[in-house]
Amino acid sequence: MVRKVTPAQYNAMVRRYNAEVDRVNRANRAAAQKAVREYNAEVDRVNRHNKRVVDEYNRAIRQHNQNTQSAVRKYNQAVRTHNANARKERHDLARQIATLKSGSSSSRYIEVSQSTYDIYDRFERVEREAKHNTAVSDLLTLSEREAANSIAVAEAFNSEAPVVPEVIPDSGIIEYLEGFSEDLCDRWRGAIFALNPANTDAARHFCTSVREIFTEILDKWANNDDVLESDGGCEKTPQGTPSRRAKIRYLLKKKGADSPEMLGFVERDIDDILQLFKVFNEATHGAAGKHGFTKLLNIRQRVEGGIMFLAALAL
């Protein structure tokens, strides 16, 4: 049976219903606003965290790049100072090559001498190219130093009483390798520590570390994906990855210095360094002795210059 209500009762029921609807709506609105505030707060927290992570990463990258650039600048300055001091003797490279060719090279070290002749020939081509290519010209001083270091090693190898090389003080190599990788820096320190006249395994230890350092620098600054993206038809290894030559070309191209002359010089320079260990080990049969150790110190000087030369190309 339907209960009859008066208009006043009906209006009171409607007011109660509307009041309940308002209460529920307010509660829902408050809950929704709270959820939105909590969501926005969480978004802000995540964004602040991500920004902090990105800022810290960018700071680390900037610091790494600053350290790398500082180390390379230090080496470049040392090389410029060395070359400036020897500017009056710029013709020495040609004179030293002529002396090397006219001397009685040891049959054990013909490979070293021939490699040095090739390095010098390639440097002359770079020198001619530098007159027409500013980017190549910027690398000329360092290339000259590499050619001079190669000649110095060949002279030391072919001398009965080799001279201990003049070491560039604070060349920047430790600073560069520290900024690059602590592990790489430790490897270099370990290799240097192994250079002891009594250590018959010094050359092998040093050679292994040097190969790893050259490889890691190239892989860092010319990683496979970047090289392939730049030139999908580049030279590749049997494993299908970009070859060392392709990586060197990639670095030079970024500088606008990827001329055949410069590419040939850099690639031959690395080959010249790495082949020294094989020749040294075969000639000394392990026990280097006094003069053998002096030759090894010349190799160390050659390697240090080569690492910093490659570092300069990578920037």
Are the charged groups of Asp269 and Arg302 less than 4.0 angstrom apart, N to O?
yes
Mind checking the CD1-CZ spacing from Ile110 to Phe157? Nearest 0.5 Å is all I need.
14.0 Å
Report the C-alpha distance between Ser143 and Met262 in whole Å, list the side-chain angles of each, state the deciding distance to 0.1 Å, and finish with yes or no for side-chain contact (heavy atoms from CB on, under 4.5 Å).
CA-CA 9 Å; Ser143 301; Met262 196 71 229; 3.2 Å; yes
Asp118/Arg268 ion pair, N-O < 4.0 Å
yes
Cut-off 3.5 Å, side chains only: do Asn224 and Lys247 have a donor facing an acceptor?
yes
Donor-acceptor pair, side chain of Asn298 and main chain of Thr294, under 3.5 angstrom
yes
Tightest non-hydrogen contact, residues Lys295 and Ala156, listed as CE-O, 3.4 Å
Give, for atom CD1 of Ile307 and atom CD1 of Ile273, the distance between the pair rounded to the nearest 0.5 Å.
8.0 Å
Is it true that Ser243 and Thr237 share a donor-acceptor pair across their side chains at a distance under 3.5 Å?
no
Consider only side-chain N and O atoms of Asn25 and Asn28, and report whether a donor and an acceptor are under 3.5 Å apart.
no
Approximate separation, where rounding is to 0.5 Å, of Ile173 CD1 and Ile192 CD1
7.0 Å
Separation between CZ of Arg244 and CD1 of Ile270, rounded to the nearest 0.5 Å:
5.0 Å
Thr116 side chain to Val112 main-chain N or O, any donor-acceptor pair under 3.5 Å?
yes
Reported CD1-to-CE distance for the pair Ile217 and Met308, which is rounded to 0.5 angstrom
8.5 Å
At what distance, to the nearest 0.5 angstrom, does CZ of Arg187 lie from CD of Glu212?
4.5 Å
Is there a donor-acceptor contact under 3.5 Å linking the side chains of Ser113 and Asn158?
yes
Expected output: side-chain Glu124 to main-chain Asp121 donor-acceptor under 3.5 Å
no
